[in-house]
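Given the structure is predicted, the values throughout are model-derived calculations rather than measurements. Residues take their numbers from the sequence shown, with the count starting at 1. Just so you know, these numbers use all the heavy atoms, side chains as well, and skip hydrogens, waters and symmetry mates.
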Amino acid sequence: MRVSPLRGHAHPDGVRAEAPPAGPAPHLGEESLRILVGTEGDSLLLMDINTTETEASEPWDYVLVADRCTQRNPRQVQRQQQFLEELERKGFCYKAREDQEKVFFGIRADNRVFDRYRRLLMEPEATAPRGELAGPTSIPATTRIRIVNFVLNSKMAAGDTLQDLVKDGVFEAGFPLHKGEEDLKKKWARWRNMFQQQPIGDIRNYFGEKVALYFAWLGWYTYMLVPAAVVGLIIFLSGFAHFEASQIREICEAHDVYMCPRGDHNPRYQRLSETCAFAKLTHLFDNEGTVLFAMFMALWATVFLELWKRERARVVLQWDLYGWDEDQEEMALGLIACPDYQPRLHQHSYMRSTVILLLSLLMICLMIGMAHVLVIYRVLAAALFSSAFPFLGEQVTTAVVVTGALVHYVSILVMTKINKYVALKLCDFGERRAPLSPSLATGGKIQEKPRTFSERESKFTIKFFTLQFFAHFSSLIYIAFILGRINGNPGKSVRLAGLWKLEECHLSGCMMDLFVQMAIIMGLKQTLSNCMEYLGPWLAHKCRSMRATSQDPELRHWQRNYRLNPVNTFSLFGEFMEMMIQYGFTTVFVAAFPLAPLLALFSNLAEIRLDAIKMVRLQRRLVPRKAKDIGTWLLVLEIIGMLAVIANGMVIAFTSEFIPRVVYKYRYGPCRQGAHPAVDCLTGYVNHSLSVFYTKDFQNPVEIEGSENVTECRYRDYGAAQNSNFTEQSWFLLAIRLAFLILFEHVALCVKLIAAWFVPDVRQSVKNEVLKKKHQRLGEAGLPGPGVGPGPESRSTRDSGPRAQTWSGPRAGQEAKTQSCCHHHHPPQPWLCVCVGGL
């Protein structure tokens, strides 16, 4: 490349250019295109760019953007030129255009780069997808972008990658161009197509297999939510049929039963009948169908995963990626980027793993501490609301629960940022991967890098999800299993710092608190988060699109792509993480919130179109990535399924009223000697489940409103009236709870294992198709049948077939040895050549 200062005139579109000087072209069949990049005043740098004759018809694979102020810095210009010259030596050509603010560099790789990629992998690529302009060798646009992106982000001779140059301000951004997306806009990225099937094949052809598998999984998940949502809605609505049950009727008619004061705010005795409405609401999700629904969801989670594995195998087989090897792909890209590339070895350090484990446990303790902060907030908020807002009256508890859920949601947003940063740091600390030998690409230094990007992503996924799980579910765990169980008795309450009384469950039970917490958090996650996820990029894109654009079609296309919202490696990762957290809410505490699958179904119908519109219309094009599954996310789904069995079993055993009702029905109720059609077996259950406390035992009984007329009050527990100690009945109930938990978990896990065995991971038709392809490949290789040897005709036919290759370098030596082995065999066996050569 020749660089010389010239003076020129500004092009009407902001591109300064001069015609090439007269003289012979530097290469036969090529022309020299000179594009000027402005510097201070009229002094311009002239860059000779070699382009092929088909430049006008071939698209640019990538665009780099630099701010014009960097062109006034000689050091920055020099680093730009070194980077572009290195790309030229690797078989790339580029073209520079500029407007009033930015300088754009179009990057295109020579087809020889992709031919080498095909030779390295020894398999032809599919034809170009519909809507894309294909090169002479019909390389798919996704493959072109993937290879170009890999080379740009590899170490150059100067030791810089594109990421390093962007970080130092040499370039502002780099991205592949949107082109040929009109078909996806019409068929997919529109709200009117919400209930239509997704064009997974077209998505794969445009965004690559990784994105296509995400949308295939999301579509399958949404489809499978339909039966779960229907069953959950039936369980919820069935509670309306039991509003006349004896336990609800007893609560609504208990006008002479007083409940003990629950807090220091507005201390007074409250009639049990005042909780009638909450008792009915609680019975909608805490009824006899709760156990069946929890068992159903455990089975549903297993069937969903097994059917997804079958669907994935079918889709991947259609894409000819069933036997695709990620390590082979990584090494092929590495050899294209640097001839001296050496694969990185697998390594493991027990010391680093121990340190990472301890740091992760420290962060988990911090997440649990956040739940305790929420507890402190609710205690202080109860005291504040009762004094500052006296008009709330008995609704102080409800206000505290609602605001506590809002505070928890805000803390989730904050901790998400912190968790991502911590997870990245843990990955950086735990990764020390060195190549087999220092190469030119690393400047002779041993680099601390992950072996592959997917390996780093997998480790980051596990760490980030673990932290996010505790951030989202710590408060739910506290409400479900701790709230109201460490408060003591009404006469001797546990106090925070000796001043504030700890919060207790709602009068209708802790299931009400858990239901409200889940409803608020999940509702906000599905509505507010989706709105912000769409409105933020939409407003940002609208603001940037108000700037003037060039009249030149090519430069205008580059400008429009630049003004789209930037993407990064976490763009698709964030979508997956959002769905994993939603899947956790849908399964882990579903026994307390049977409407969770229904909310998730409605949310996913909108989420699919939101993500489609963002990717096609509002964001820059994602760099395509090859994949044959959803990776570590499948393991995350399986872990969530196991946690769901444990959590739902514990909710039914220790939080729900299901076990106390069953024990009363068969041991203490009127049906303990046998059922009677005319008798409700739960008659008297409410009185049986409330303990008695004598008001004279309060430390300051006079301060409680109405104390002169009340001699005893009731509270939810099974304590003795004299000293509030546990009775024999309470210990028996605890034993039944533990027995049920063990039985429920074992039965649910057995059902999951049987379902996993009953539904094969891969369809038999897929297995048979793979078997036929293996047999066909062996047949094409020319392996003889028993006692039959291929003749000269078959040998010549095979050697001239499409799989005949011309090797160079080390492969050539191997081929020569193979041919020598073949021709010295008596009699000559061509099939031996093919077999040994294929090794």
Side-chain angles (χ1 to χ4, degrees), residues 10-17 33 35-38 47 49 51-68 84 87 92-109 128-135 139-146 148-149 152 162 166 171-186 188-189 202 205-208 537-538 540-567 612-624:
H11 190 276
D13 295 329
V15 181
R16 296 183 174 92
L33 175 64
I35 304 293
L36 299 177
V37 181
M47 294 186 290
I49 304 170
T51 58
T52 62
E53 294 179 348
T54 59
E55 176 191 307
S57 61
E58 291 187 1
W60 296 96
D61 301 313
Y62 222 86
V63 170
L64 305 180
V65 182
D67 197 278
R68 288 195 62 177
L84 295 173
L87 289 180
F92 289 75
C93 58
Y94 64 91
K95 176 180 181 180
R97 308 291 297 271
E98 69 174 22
D99 58 14
Q100 290 77 11
E101 299 177 353
K102 307 295 178 183
V103 181
F104 298 84
F105 300 89
I107 306 295
R108 182 171 61 240
R130 182 176 52 188
E132 300 279 11
L133 295 174
I139 298 295
T142 53
T143 301
R144 296 182 65 96
I145 295 173
R146 188 170 69 252
V148 171
N149 179 76
L152 291 177
L162 177 59
V166 171
F171 293 105
E172 183 180 332
F175 49 86
L177 292 170
H178 276 291
K179 49 184 182 290
E181 74 277 16
E182 289 78 14
D183 197 29
L184 284 178
K185 287 182 178 180
K186 294 178 180 178
W188 184 49
D202 293 340
N205 291 336
Y206 192 80
F207 288 109
W538 183 79
H541 174 59
K542 287 298 181 182
C543 292
R544 285 193 292 265
S545 299
M546 296 173 65
R547 302 174 186 174
T549 56
S550 171
Q551 298 299 320
D552 179 76
E554 184 177 63
L555 180 58
R556 183 169 63 250
H557 181 54
W558 294 1
Q559 289 173 332
R560 287 177 177 173
N561 278 264
Y562 167 71
R563 291 167 184 170
L564 294 172
N565 293 288
V567 295
I613 293 173
K614 283 193 311 179
M615 290 186 181
V616 177
R617 299 176 182 267
L618 302 178
Q619 291 180 345
R620 295 172 188 166
R621 188 172 184 174
L622 284 169
V623 175

J.: Measure across L87 and I107 and return the closest heavy-atom pair with its distance rounded to 0.1 Å.
T.: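 Minimum heavy-atom contact is CD1-CD1, 4.1 Å.
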
J.: So, for P624 and I145, which heavy atoms are closest and what is the spacing to 0.1 Å?
T.: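 Closest pair (atom of P624, atom of I145, distance): CD-CG2, 3.4 Å.
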
J.: In Å, rounded to the nearest 0.5 Å, how long is the span from CG of L622 to CG of N149?
T.: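 Answer rounded to 0.5 Å: 11.0 Å.
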
J.: Apply side-chain contact (heavy atoms from CB on, under 4.5 Å) to residues V616 and F207 and explain how you reach the verdict.
T.: CA-CA 10 Å; V616 177; F207 288 109; 4.0 Å; yes

J.: Not counting sequence neighbours, which residues clear ring-ring contact (aromatic ring centres under 6.0 Å, His included) with H178? List them please.
T.: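 Once residues adjacent in sequence are excluded, the partners of H178 under the ring-ring contact (aromatic ring centres under 6.0 Å, His included) criterion are Y206.
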
J.: Residues in side-chain contact (heavy atoms from CB on, under 4.5 Å) with V65, at least two apart?
T.: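 If we apply the side-chain contact (heavy atoms from CB on, under 4.5 Å) test to V65, skipping adjacent residues, the hits are V63, K102, F104, F175, Y562.
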
J.: What residues form a side chain to side chain donor-acceptor pair (under 3.5 Å) with R556, not counting sequence neighbours?
T.: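 Once residues adjacent in sequence are excluded, R556 has no partner under the side chain to side chain donor-acceptor pair (under 3.5 Å) criterion.
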
J.: What's the verdict on side-chain contact (heavy atoms from CB on, under 4.5 Å) for Q559 and R547, showing C-alpha distance, side-chain angles and the deciding distance?
T.: CA-CA 10 Å; Q559 289 173 332; R547 302 174 186 174; over 6 Å; no

J.: Only counting residues at least two apart or in another chain, list the ones meeting ring-ring contact (aromatic ring centres under 6.0 Å, His included) with Y62.
T.: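 Here no residue qualifies.
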
J.: Report the distance from atom OG of S545 to atom CZ of R563, rounding to the nearest 0.5 Å.
T.: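 S545 atom OG to R563 atom CZ measures 7.5 Å (nearest 0.5 Å).
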
J.: Please enumerate all residues that pass side chain to side chain donor-acceptor pair (under 3.5 Å) together with W558, with sequence neighbours excluded.
T.: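 If we apply the side chain to side chain donor-acceptor pair (under 3.5 Å) test to W558, skipping adjacent residues, there are no hits.
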
J.: Could you tell me the separation between the CG atom of D202 and the CG atom of L184, rounded to the nearest 0.5 Å?
T.: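 The CG atom of L184 is 6.0 Å from CG of D202, to the nearest 0.5 Å.
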
J.: Starting at CH2 of W60, measure out to NE2 of H557 and round the result to the nearest 0.5 Å.
T.: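 Nearest 0.5 Å value for the CH2-NE2 distance: 12.5 Å.
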
J.: Among all residues two or more places apart in sequence or in another chain, which pass the side-chain contact (heavy atoms from CB on, under 4.5 Å) test with A612?
T.: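 Partners of A612 under the side-chain contact (heavy atoms from CB on, under 4.5 Å) test: W188, A189.
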
J.: Do the side chains of V623 and P176 get nearer than 4.5 Å, heavy atoms only?
T.: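 Side chain of P176 against side chain of V623, heavy atoms only: contact under 4.5 Å found.
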
J.: List for me each residue that meets side chain to side chain donor-acceptor pair (under 3.5 Å) alongside E101, sequence neighbours excluded, and say none if there are none.
T.: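 If we apply the side chain to side chain donor-acceptor pair (under 3.5 Å) test to E101, skipping adjacent residues, there are no hits.
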
J.: With N565, which of Q619, R544, R620, H541 fulfils side chain to side chain donor-acceptor pair (under 3.5 Å)?
T.: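 Exactly one pass, corresponding to R544.
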
J.: If you define the side chain from C-beta out and look only at heavy atoms, does anything of W538 sit under 4.5 Å from I613?
T.: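 They are not in side-chain contact.
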
J.: Using a 4.5 Å cut-off on heavy atoms from C-beta on, say whether the side chain of R621 contacts that of L564.
T.: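 When only atoms from C-beta onward are counted, R621 and L564 do not touch, as no gap falls below 4.5 Å.
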
J.: My understanding is that only residues two or more places apart in sequence, or in another chain, count here; which of them pass salt bridge (Lys or Arg N to Asp or Glu O under 4.0 Å) with K185?
T.: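 Salt bridge (Lys or Arg N to Asp or Glu O under 4.0 Å) list for K185, sorted by chain: E181.
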
J.: List the atom of R144, the atom of A109, and the distance in Å for their closest heavy-atom pair.
T.: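 For R144 and A109, the tightest heavy-atom pair comes out as NH2-O, 3.2 Å.
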
